[in-house]
Amino acid sequence: MSKAKYTVTAALPYANGPLHLGHVAGVYLPADIFVRFLRKNGHDVVFICGSDEHGAAITLRAKKEGITPQEIVDKYNKIIGDSFRQFAISFDIFHRTSEPLHHETAQEFFKVLEAKGKFIQETTEQYYDEDFQQFLADRYITGECPNCQNPSAYGDQCEKCGSDLSPTDLKNPVSTLSGKSPVLRSTSHWFLPMDRHEEWLRPWIKEGILDGKQQHDPKTWRNQVIGQCMSWIDGGLHPRAMTRDLDWGVPVPLPGADGKVLYVWLDAPIGYISATKQWALDNGKDWKDYWVTNGTNDRKLVHFIGKDNIVFHAIIFPILLKDHGGFILPDNVPAYEFLNLEGDKFSTSRNWAVWLHEYLERYPDKIDELKYTLTCIAPENKDSEFTWKEFQARVNNELADILGNFVNRALVLTQKYYEGAVPACGELTEADQAVLADMKAIPQRIADLVYQYKLRDAQAEAMQLARLGNKYLADNEPWKLVKTDSKRVETIMHIALQITANLGLVLDPFLPETAAKLRAFMNIEPQDWDASGNLLVSAGHQTAAPTILFPKIDDEFVAREVEFLNASQPVASNFPPQKEETSFDDFTKMDIRLGTIVDAIRVPKADKLLQLTVNTGLDTRTIVSGIAEHYAPEEVVGKTVAVLMNLAPRKIRGVESQGMILMAENEEGKLSFMIPEKGFDAGGEIR
RNA sequence: GGCGAGGUAGCUCAGUUGGUUAGAGCGCAGGAUUCAUAACCCUGAGGCCGAGAGUUCAAAUCUCUCUCUCGCUACCA
């Protein structure tokens, strides 16, 4: 019976920044361990990844830095790809969504769905800004309200009379981008009616049943995944736009769809397919063998992702695959929680991160140490935390003391007693047989755990073999017996060496570099998983003198890394670029004054909003402000702050806000009032 | 605010369908040992299982309320 074919994907990293340890621990490393195991265990596997290189964030960043989007994605594709290679994440291909093959694949996919009537197409007349060459979202258009003649009504709503509007209702519409009148152009968008799919999604996610057949075992799916999906489905799915008006991405492959690209949902996940195609082309394979259903369950698709990506991979992509037809659906979507760092969240803007490429640069010889630690603390079921102190403890107490030490003592004794040759095995005691039985059982236990995606436990089980070895030596004390019973010592050392050799196989998925070193010491070849647990070397086989596998990590190392982390300044400036020049006249239209907050309450059912009563010197008015996460109601009362007085009133969460509190924002997104230095009173004009 | 997932020994985490003294690794204490990277091995101490209420002969496990953390989502002119 041939084993199942696996298509394993790891979430596509977004090509606008490097990878940090959180990404590694929560997606790439577990995926790699899983794949390395599957390969050893005789599965046909293709391991897919690539960089996601489209989307508005990249174009915005390019604009800010004054370079092209292509330059950005080229830069980060290289940094990320190089890190993966050096860290020995064994992708079969690391592709990119800007490749022509991907564009073709995504377009083809779109066309099939379109032809099958799987989309709802909505064509509307929308305003278009000719200077900025883009369609305008409703709120980027202002004009005169047809009902109350308010000259500054928004495209979606007139704040003055409260009537709901559409942009075409406005008289004399103006684009807030260019300040000029926009023109009407017809535009179409394609929506995926997800609501049509609730019926089959429910049993598929909850029970693993697809088209009346058992497709996967929902018990192996994580709670979080099933919980979040069911919550979405039970809450009712809604049609979602699958296209966007943007000039950076995969163009919508239909006539009259200029300036439109496929939305990320129809772009990034299809990157898994296009990457497989490229790999197949490069290696003389057929990509369809890994994606197309053959009516059985022996082709499995597995998506390793972070928890922020669950709905995307467990609902939307499956809908797309099913709508297209002919594809297999995910067998599992192992979603990882998040990793924290030294008591705080990873944060790119604060540069609170251990960047993978920097780690590799500093410690190119400590790759397996990092892998081991990250697997130990992998956030499989809840958020977890990386600290350098824990890294030190894991390396010193476990890798060095238990694993490294066992290997070293077994091989050093062999050198001493037998000049490196494996001694013969004599008669086995009951204890010997028990140890060999344990050794035999471990690979099976590891395999069971891996198939359940419990990789942390699986690695611990592999370490169990080293513990077994240490205990065996301690129990049998060959260094004592050697003086009285050298025959018995031969058997003991024979068994110790079998354990050592087995470590060289069993550790392979987790610590590939270490396993290779171990096999070099033992002078054996890599073998399939089936071989592990058995006797791997015979009497007379020559072993080598060992070197230290894991040097200890001293306290200075930890202190240095913690200091480095604390000293790192925010990377590039995250402040937005300067806005376009404006006229003095326009500036003087703004009426900004000091106002004193006399009362503050939380707006019900809103996390971020405070309803403030403000004495402006002219009057006392109500202003709703999105500062609740930065100021408690009681601490703002009495403060005199900057207020934009003549902003058109607007209803927010049912409360009319008459003006706006001006806030300063720092790089972390924290907000601060603007308070007069000399303690001026309410009413003071700000110019 | 709505929804989802978590809150279990100092730390990192397991606890299957409710059932005897709640587990593992590390750390800590004591012991034993010296082949080995002052390593290994043995023993032990440590938990009101986030808080409160309920269902039950029996609750870490089921129900409700509250609270803290993370994610998705809404609100942020």
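Throughout, a chain's letter reflects where its sequence line sits, starting with A, and its residues are numbered from 1.
OP1 or OP2 of B:rA14 lies within a sub-4.0 Å distance of a side-chain N or O belonging to A:Arg456. Considering only side-chain N and O atoms, A:Asn381 lies nowhere under 4.0 angstrom from the phosphate OP1 or OP2 of B:rG6. The side chain of A:Lys552 contributes no N or O atom lying less than 4.0 Å from OP1 or OP2 of B:rA38. Here A:Lys454 does not reach the OP1 or OP2 of B:rA14: none of its side-chain N or O atoms lies under 4.0 Å away. Taking 4.0 angstrom as the limit, A:Asn223 places a side-chain polar atom (N or O) nearer than this to OP1 or OP2 of B:rG6. Using a 4.0 Å cut-off, no side-chain N or O of A:Asn470 falls inside it from OP1 or OP2 of B:rA36. Contact annotation: A:Lys416 side-chain N/O to B:rA36 OP1/OP2 distance is under 4.0 Å.
Taking the charged nitrogens against the carboxylate oxygens, A:Lys454 and A:Asp448 have no contact shorter than 4.0 Å, which rules out a salt bridge. A salt bridge is absent between A:Glu656 and A:Lys651; no separation between the charged side-chain nitrogens and carboxylate oxygens falls under 4.0 Å. A salt bridge is defined here as a Lys NZ or Arg NE, NH1 or NH2 lying under 4.0 Å from an Asp or Glu carboxylate O, and A:Asp432 with A:Arg488 meets this definition. A salt bridge links A:Glu337 with A:Lys307: at least one charged nitrogen is closer than 4.0 Å to a carboxylate oxygen. Contact check on A:Asp485 versus A:Lys487 returns no salt bridge, with no Lys/Arg side-chain nitrogen under 4.0 Å from an Asp/Glu carboxylate oxygen.
At a threshold of 4.0 angstrom between heavy atoms, the contacts of A:Lys480 are confined to the sugar-phosphate backbone, with no base atom among them. Across all strands shown, A:Thr387 has no heavy atoms under 4.0 Å from either base or sugar-phosphate atoms. Among the protein residues, A:Lys389 comes within range of no part of the nucleic acid, since none of its heavy atoms lies under 4.0 Å from any strand. No engagement by A:Asn396 is indicated, since no non-hydrogen atom pair under 4.0 Å with the nucleic acid exists. Residue A:Leu413 is classed as a base contact, given a heavy-atom separation below 4.0 Å to a base. Using a 4.0 Å heavy-atom cutoff across all strands shown, A:Leu549 reaches at least one base atom of the nucleic acid. The residue A:Asp401 sits close only to the backbone: its heavy atoms come under 4.0 Å of sugar-phosphate atoms, none of a base. A:Arg222 comes within contact range of no nucleotide atom at all, as no heavy-atom separation falls under 4.0 Å. Using a 4.0 Å heavy-atom distance criterion, A:Glu629 is classed as making no nucleic acid contact. The residue A:Ile377 sits close only to the backbone: its heavy atoms come under 4.0 Å of sugar-phosphate atoms, none of a base. Counting any heavy atom pair closer than 4.0 Å across all strands shown, A:Phe550 reaches a base atom. A:Ala474 comes within 4.0 angstrom of sugar-phosphate atoms only, judged by non-hydrogen atoms across all strands, and of no base. The residue A:Lys471 sits close only to the backbone: its heavy atoms come under 4.0 Å of sugar-phosphate atoms, none of a base. Using a 4.0 Å heavy-atom distance criterion, A:Ala400 is classed as a base contact.
Between the P atom of B:rC26 and the CG atom of A:Asp457 lies a distance of 15 Å, rounded to the nearest Å. Rounded to an integer number of Å, the gap from A:Met463 CE to B:rC40 C1' is 13 Å. Regarding A:Tyr372, its OH atom lies at a distance of 9 Å from the P atom of B:rC26, rounded to whole Å. Taking atom CH2 of A:Trp388 as the reference point, atom C1' of B:rC11 lies 18 Å away to the nearest angstrom. Distance, A:Gln459 CD to B:rC13 P: 14 Å, rounded to whole Å.
Comparing A:Asp475 and A:Glu390 by the nucleotide of RNA chain B that holds the closest heavy atom to each, the one mapping nearer the 5' end is A:Glu390. Residue order along RNA chain B, read from the 5' end via each residue's closest nucleotide, puts A:Ile402 first among A:Ile402 and A:Asn340.
Of the candidate nucleotides B:rA77, B:rA74, B:rU12, B:rA74 has the atom nearest to the side chain of A:Asp607. Taking the side chain of A:Arg394 as heavy atoms from C-beta on, and the options B:rA74, B:rC70, B:rU12, the nearest nucleotide is B:rU12.
Here A:Phe406 and A:Tyr472 keep their ring centres 6.0 angstrom or further from each other.
Taking atom C1' in both B:rU20 and B:rU63, the straight-line distance is 26 Å, to the nearest Å. When the C1' atom is compared between B:rA29 and B:rC13, the two are found 23 Å apart, to the nearest whole Å. Atom P of B:rC57 sits at a distance of 23 Å from the matching atom of B:rG52, rounded to the whole Å. For B:rG25 and B:rC35, the P atoms lie 27 Å apart once the distance is rounded to whole Å. When the P atom is compared between B:rC28 and B:rC11, the two are found 15 Å apart, to the nearest whole Å. Rounded to the nearest Å, the gap between the C1' atom of B:rG1 and that of B:rC76 is 14 Å.
Taking the side chain as every heavy atom from C-beta outward, A:Ile305 and A:Ile310 approach each other to under 4.5 Å.
Under the ring-ring contact (aromatic ring centres under 6.0 Å, His included) test applied with A:Phe34, the options A:Tyr28, A:Phe304, A:Phe510 reduce to a single match, A:Phe304.
In B:rG46 the O4'-C1'-N dihedral to the base is within 90° of 0, which defines a syn nucleotide.
Taking a pair to require two hydrogen-bonding distances under 3.5 Å in either a Watson-Crick or a G-U wobble arrangement, B:rG71 pairs with B:rC3.
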